[in-house]
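These numbers come from the heavy atoms of this one structure, side chains and all, not from hydrogens, waters or symmetry mates. So you know, we letter chains A, B, ... as the sequences are listed, proteins then strands, and number each from 1.
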Amino acid sequence: MTDLPPDLPARSDAAAYDPQSAEPRWQRAWAERGCFTVADVPETDRPKYYVLEMFPYPSGKIHMGHVRNYTLGDVVARYKRARGHVVLHPMGWDAFGLPAENAARERGIHPARWTRDNIAAMRAELQRMGLSIDWRREFATCDPAYYGQQQKLFLDMLRAGLAERRESWVNWDPVDQTVLANEQVIDGRGWRSGAPVEKRSLSQWFLSITRYAPELLAALDRLERWPERVRLMQAKWIGRSEGARLRFRLVTEMEGIAEVEVYTTRPDTLFGMSFLAIAPEHPLAAAVAAGDPAAASFIAECRRMGTSEAVIETAEKRGYDTGLRVRHPFQREAVFPVWIANFVLMEYGTGAIFGCPAHDQRDLEFARAYGLAVRPVVLPPGEAAASFTVGTRAYDGPGRVIQSGFLDGLDTAAAKARAIDELRRLGVGEGMVNWRLRDWGVSRQRYWGCPIPVIHCPSCGVVPVPDADLPVRLPDDVTFDRPGNPLDHHPTWKHVRCPRCAAPAERETDTFDTFVDSSWYFARFCSPHAAEPVAAAAAGHWLPVDQYIGGIEHAILHLLYARFFTRAMAATGHLAVEEPFAGLFTQGMVTHESYRSADGRWLYPEEVERLADGSARERASGGAVTVGRVEAMSKSRRNTVDPGAIIARYGADTARWFILSDNPPERDMEWTEAGVAGAWRFTQRVFRLVDAIAGTAASAPGGTRPEGPGSEASGPQVPDAAAQALRRLTHRTIVAVTEALEGFAFNVAVARLHEFANALADAERRADEPGLPEARRDGVALLARLIAPMMPHLAEEMHARLGGGGALVAELPWPEADPALVAAQTVTIAVQVMGRLRATLALPPGQPEAEVIAAAEQEPNVARMLAGQPIRRRIYVPDRVVNFVIGG
RNA sequence: GCCCGCCUGGCGGAAUGGCAGACGCAGCGGACUUAAAAUCCGCAGCCCACAAGGCGUGGGGGUUCGAGUCCCCCGGCGGGCACCA
């Protein structure tokens with residue numbers, strides 16, 4: 001019997017609150033009253049507030065991460081609304097992407113159908129959560145109405161010179177016939193096909209994000225409501241560095257190449273050079289390879305190495321001596337070998353470096369491997385030139401320059417400047433700022449994405465699709481029975497006439513990276529049905545987003561792309577703001593214990609039963625279960641909890657409450673059965689507070705006042721002391737919850753509301769004290785309103801039962817605290833001797849210092865400690881602490 | 001390797017430089033019940049039989065009348081980035 005899973009407590013108590021009937025009822029009430037709908041341009045002088053959570057990919061089911069994300073956003077939205085803001089809180093779908101194509105390939109479902117079904121299912125789940133969303137604004141990025149406007153944006157960017165087509169190296173999967181992102185290449189093989197990945201040069205579309213690199217970096221300082229670490233990650237990603245660009249002249253030309261350009265941040269170490277190294281993809285390497293099979297095979301080997309982290313990490317430094325020599329810019333007579341090296345990146349700087357082994361660790365390892373010279377030219381502070389040597393560790397810190405001709409004696413900073421001056425004087429180089437950030441390649445060889453709206457004409461070249469022909473729609477009749485891009489295989493779709501010369505031409509068959517779709521959706525939400533990408537008046541009113549909430553995993557790419565897009569849209573006249581997100585909050589993950597059966601199968605939490613002794617066993621078989629680590633919920637470990645099942649069992653409010661109460665929202669939270677159960681108990685407990693009042697009011701209208709003795713509490717005897725104390729707590733709770741919500745300290749707000757509910761329940765048992773029933777009734781009414789951002793349905797139910805007066809809580813302003821009631825009536829002053837607590841004093845606030853100190857000295861414990869000791873100092877912090885410093 | 005963050009009872013956590021551990025979870029005791037569930041009341045950092053006291057916020061040092069909080073060093077855990085020239 002006791003082995004049965006615990007049933008819903010509600011079933012055993014007829015009077016209990018039933019969220020399954022109440023929650024949908026209030027959701028309908030909000031919808032009917034249009035509580036959460038706002039105009040594109042509201043006619044009001046109330047301040048605007050735009051709350052946005054990162055929109056979901058429609059995978060088919062919401063997960064706990066969504067529940068957390070949207071609960072956090074909804075608390076903010078409901079709170080801000082109550083504080084008098086007109087709140088924009090929309091929802092949409094990041095609906096393009098590979099999983100839909102995979103479903104098509106594996107199960108024969110059309111991507112559009114699969115996506116639409118998933119959206120319908122997830123919309124229902126989100127609506128069941130009771131989110132205060134303006135659903136009239138909903139759209140999916142796979143709507144032609146959305147992606148058509150995106151095509152318009154792209155064409156404007158193309159015209160503005162912000163988009164261009166160029167060759168670039170990509171990871172090519174020869175079996176799937178598609179480009180792979182770096183993270184899709186595992187040990188040099190395609191993640192799906194397992195085929196060895198090749199580096200190929202393809203013609204791709206790029207957006208010129210690098211043009212905004214300085215601005216994207218500088219503006220980070222002004223994003224004060226962004227987490228510091230996100231700004232830091234972006235700054236590092238953008239990667240500004242200062243150095244010099246210089247050209248090394250080849251002793252003998254090679255296929256018309258006479259010099260090699262190098263970027264360095266250490267021009268001060270130029271005299272420590274011992275070789276020059278170029279990337280395997282460098283044009284000079286190709287020129288060498290043309291006449292040198294050994295070089296060609298070395299380059300091919302590097303290419304096979306792939307770009308995956310594991311390979312790079314374990315790869316030793318390897319190189320190939322081309323036999324070519326370059327001259328040193330400062331020492332005409334000195335020549336150095338040119339190597340092709342596997343650790344030089346074509347994508348960074350100029351694809352070539354000068355090697356200074358004494359002061360760069362990689363160069364040192366390379367030099368040791370191939371017996372190249374190691375010449376120290378920077379002397380660390382405190383070292384003597386005669387004795388300083390470099391062993392296995394390069395010295396890359398600052399110091400004094402030695403063995404460097406005209407740079408001798410300068411410190412490294414001065415030497416950098418001096419070296420750059422000299423390079424410029426000689427006409428072989430100059431100072432240069434370099435950026436790590438690369439332009440954004442947006443071409444994907446996929447079907448389920450936004451078509452890139454251009455036409456390739458044999459005679460006119462790249463021709464934009466005319467505005468009148470937008471949107472370029474995806475064809476529905478595609479097949480997924482062979483590898484490669486279905487758009488490319490389609491019998492007719494790509495064959496069109498050139499808009500310029502009417503000759504037969506071909507559509508671009510690549511589609512956009514889905515990061516493009518999510519780079520401007522926040523702007524589209526302001527005017528989701530506009531005939532242009534964004535309506536100026538609406539965007540002008542709502543943007544920037546005041547509070548954006550999402551996962552840290554988007555700290556770099558999505559947020560940086562959106563920041564870039566905002567600027568590019570401003571440059572093309574679509575937007576007038578600089579930054580899309582004024583405030584950013586990054587939530588932690590939802591985690592859960594993981595379970596394994598004796599034979600090593602992963603088990604879902606609902607298949608496992610925890611026993612009182614802390615062990616666990618399988619429900620079905622009774623078999624032993626190993627409880628594993630608490631980690632991020634993932635399908636592969638089966639440590640997931642289905643929000644739909646939780647809501648069906650406990651209701652949305654309980655799920656919301658638990659998710660908010662567990663810990664601060666920026667940290668990872670652990671989902672536990674005991675935790676939700678506790679939240680469920682609280683939900684019921686709060687409801688019973690109302691129930692008790694309804695009963696009291698009916699049986700004793702106006703409240704009887706028996707003449708019983710007042711509180712036996714010490715202090716001045718006030719007849720209604722208990723009622724007054726409850727009223728003071730009520731108003732202090734308003735202040736505390738308000739502060740907690742403002743600071744995203746939702747777990748603290750929950751704690752304060754727990755305390756308040758405890759006090760109200762306590763008051764229930766003392767109904768005969770004067771004024772207490774009234775104070776309790778007022779308190780419960782306020783509890784409903786304070787709880788509303790977190791548990792909106794329960795709040796409405798309570799409010800209505802207390803005689804809500806026709807208004808919904810969702811329509812009420814946030815409660816105001818009465819300052820007179822908030823002010824403390826007594827304060828507890830800590831009395832310390834030598835900084836250690838010896839007593840406390842309960843006094844009215846604001847007592848004169850002398851009296852407080854005198855009272856403190858009277859305390860027996862204090863008096864004993866002070867006896868026979870000279871008092872050196874008496875520290876007094878008003879209403880807080882007294883500290884006696886004693887002894888000689 | 002570099003950068004960032006974190007470390008407080010059995011657990012999640014709270015605490016403008018001023019009573020450490022609020023609140024919750026788990027636990028223990030009691031009431032109610034034939035019994036259980038639910039509910040309600042109470043206990044609860046460690047040492048000490050009680051009191052008094054002592055020890056306690058990863059470890060060590062420092063600043064201060066007073067440090068979980070500020071500074072320095074060390075350790076552990078987590079995250080991000082990475083042949084970036």
Side-chain angles (χ1 to χ4, degrees), chain A residues 1-2 6-7 9-13 16 227-230 232-233 235-237 239 241 243 262-266 269 277 309 312-313 315-317 341-345 347-356 359-363 365-366 396 434-436 552-553 555-556 610 612 614 630 658 661-664 666-670 672-679 681-682 684-685 688 745 747-758 761-762 764-765 828-841 860-861 864 872-877 879-886:
Chain A
M1 294 270 259
T2 52
D7 204 353
R11 302 241 172 96
S12 60
D13 183 352
E228 183 60 33
R229 64 175 172 147
V230 174
L232 233 131
M233 284 161 78
K236 289 199 73 166
W237 187 264
S241 71
V262 155
Y263 172 72
T264 179
T265 57
R266 296 300 301 274
T269 63
E309 203 173 295
I312 288 169
E313 202 158 345
E316 59 179 291
K317 308 237 168 330
N342 65 346
F343 67 95
V344 179
L345 303 176
E347 296 85 359
Y348 188 79
T350 61
I353 63 157
F354 82 83
C356 176
H359 304 293
D360 183 283
Q361 188 60 31
R362 293 157 307 183
D363 296 352
E365 287 167 25
F366 190 75
D396 57 9
N434 192 51
W435 303 86
R436 180 184 176 279
I552 188 72
E553 67 272 20
I556 296 179
R610 295 306 299 266
V630 172
F658 172 52
S661 66
D662 188 61
N663 67 350
E666 66 275 16
R667 296 194 208 169
D668 289 354
M669 79 160 286
E670 185 186 351
T672 61
E673 291 312 306
V676 216
R681 284 198 298 272
F682 181 73
Q684 294 296 330
R685 195 163 132 81
R688 281 197 301 274
N747 57 322
V748 178
V750 163
R752 295 291 89 84
L753 288 167
H754 263 286
E755 285 172 313
F756 187 37
N758 288 344
D762 193 53
E764 213 169 89
R765 290 188 297 278
T828 306
I829 297 172
V831 183
Q832 303 175 335
V833 178
M834 299 299 282
R836 305 188 59 96
L837 184 74
R838 298 299 171 185
T840 57
L841 298 171
N861 277 346
R864 198 174 62 248
R872 277 197 296 142
R873 280 181 69 182
R874 294 175 176 82
I875 312 280
Y876 178 59
V877 181
D879 296 344
R880 282 208 171 263
V881 75
V882 176
N883 188 12
F884 296 102
V885 185
I886 59 173

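- Separation of the P atoms belonging to B:C40 and B:C23 is 16 Å when rounded to the nearest angstrom.
- Nearest to the side-chain atoms of A:Arg880 among the listed nucleotides B:A22, B:G79, B:U16 stands B:U16.
- For the C1' atoms, the distance from B:C48 to B:G29 is 22 Å, rounded to whole Å.
- Residue A:Ala830 is classed as a sugar-phosphate contact, given heavy-atom separations below 4.0 Å to backbone atoms only.
- No side-chain heavy atom of A:Gln361 sits less than 4.5 Å from a side-chain heavy atom of A:Asp396.
- Nucleotides B:G68 and B:G58 place their C1' atoms 12 Å apart, quoted to the nearest Å.
- For the atom pair A:Met669 CE and A:Phe658 CZ, the distance stands at 4.0 Å (nearest 0.5 Å).
- Using a 4.0 Å heavy-atom distance criterion, A:Asp363 is classed as making no nucleic acid contact.
- Taking the side chain of A:Arg688 as heavy atoms from C-beta on, and the options B:G80, B:C40, B:A22, the nearest nucleotide is B:C40.
- Between B:C40, B:C3, B:G12, one nucleotide has an atom nearer to the side chain of A:Arg685 than all others, and that is B:C40.
- In the set B:C84, B:C23, B:G18, the nucleotide with an atom closest to the side chain of A:Leu345 is B:C84.
- In this structure, A:Arg874 reaches neither bases nor backbone, as no heavy-atom distance under 4.0 Å exists between it and the strands shown.
- Here, B:G13 and B:A22 have their P atoms 15 Å apart, quoted to the whole Å.
- We find the CD1-CZ distance between A:Ile875 and A:Arg880 to be 15.5 Å, quoted to the nearest 0.5 Å.
- Ranked by how close their nearest RNA chain B nucleotide is to the 5' end, A:Gly835 and A:Asp360 are led by A:Gly835.
- OP1 or OP2 of B:G1 has not a single side-chain nitrogen or oxygen of A:Arg362 nearer than 4.0 Å.
- Set against B:G54, B:C40, B:A14, the side chain of A:Val748 has B:A14 as its closest nucleotide.
- Between the side chain of A:Arg864 and the base of B:A52 there is no donor-acceptor pair of N/O atoms closer than 3.5 Å.
- Between B:G76 and B:U16, the distance separating the two P atoms is 31 Å to the nearest Å.
- Nucleotide B:C50 has no partner under the Watson-Crick or G-U criteria, as no pair reaches both atom distances under 3.5 Å.
- Pairing of B:U16, defined by two Watson-Crick or G-U wobble distances under 3.5 Å, is not identified with any nucleotide.
- Residue-level contact check: A:Gln832 touches the bases, meaning some heavy atom is under 4.0 Å from a base atom.
- In the set B:C23, B:C81, B:C83, B:C83 carries the atom at the smallest distance from any side-chain atom of A:Phe343.
- Distances from the side chain of A:Val881 to the nucleotides B:G18, B:C2, B:G13 place B:G18 closest.
- With B:G13, B:C40, B:C65 as the candidates, the nucleotide lying closest to the side chain of A:Arg873 is B:C65.
- Between B:C74 and B:C84, the two P atoms lie 25 Å apart (nearest whole Å).
- Distances shown here put a side-chain N or O of A:Tyr348 below 4.0 Å from the OP1 or OP2 atom of B:A85.
- Regarding contacts with the backbone of B:G5, every side-chain N or O of A:Arg667 stays at 4.0 angstrom or more from both OP1 and OP2.
- Nucleic acid contact for A:Ser661: none, since no nucleic acid atom lies under 4.0 Å from a heavy atom of the residue.
- Contact between A:Ile353 and A:Asp363 at its shortest, heavy atoms only, is CD1-OD1, 3.6 Å.
- Its glycosidic angle being within 90° of 0, B:G9 falls on the syn side.
- Considering only side-chain atoms of A:Ala751, the nucleotide from B:C3, B:G18, B:C23 that sits closest is B:C23.
- Nucleotides B:C65 and B:C72, compared at atom C1', are 23 Å apart to the nearest Å.
- Within the 4.5 Å cutoff, side-chain heavy atoms of A:Asn747 are placed close to those of A:Pro664.
- Using a 30° and 60° split on the angle between ring planes, A:His754 and A:Phe682 fall in the tilted class, from 30° to 60°.
- The two atoms that bring A:Arg266 and A:Thr264 nearest to each other are N-OG1, 2.8 Å, heavy atoms only.
- Looking at heavy-atom distances under 4.0 Å, A:Leu232 makes contact with sugar-phosphate atoms alone, never a base.
- In terms of phosphate contacts, A:Asn342 brings no side-chain nitrogen or oxygen within less than 4.0 Å of OP1 or OP2 of B:C83.
- For A:Arg681, the side-chain contact (heavy atoms from CB on, under 4.5 Å) partners are A:Ala677, not counting sequence neighbours.
- Taking atom CD1 of residue A:Ile353 and atom C1' of nucleotide B:A85, one finds them 6 Å apart after rounding to whole Å.
- Nucleotide B:C28: paired with B:G42 (Watson-Crick or G-U wobble, both distances less than 3.5 Å).
- OP1 or OP2 of B:A37 has not a single side-chain nitrogen or oxygen of A:Arg681 nearer than 4.0 Å.
- Taking the P atom of each, B:A31 and B:G17 are spaced 47 Å apart, rounded to whole Å.
- Base engagement by A:Val344 is indicated by at least one non-hydrogen atom pair under 4.0 Å involving a base atom.
- Residue A:Arg436 places at least one side-chain N or O under 4.0 Å from the OP1 or OP2 atom of B:A82.
- A:Glu666 has its CD atom 10 Å from the P atom of B:C6, to the nearest Å.
- Contact check, A:Asn663 against B:C11: no side-chain N or O comes under 4.0 Å of OP1 or OP2.
- Between A:Met834 and A:Val877, the residue anchored closer to the 5' end of RNA chain B is A:Val877, taking for each the nucleotide with the nearest heavy atom.
- B:G66 is unpaired under the Watson-Crick or G-U wobble criterion, no partner having all donor-acceptor distances under 3.5 Å.
- In summary, A:Arg362 and A:Glu365 do not engage in a salt bridge, as defined by a charged side-chain N under 4.0 Å from a carboxylate O.
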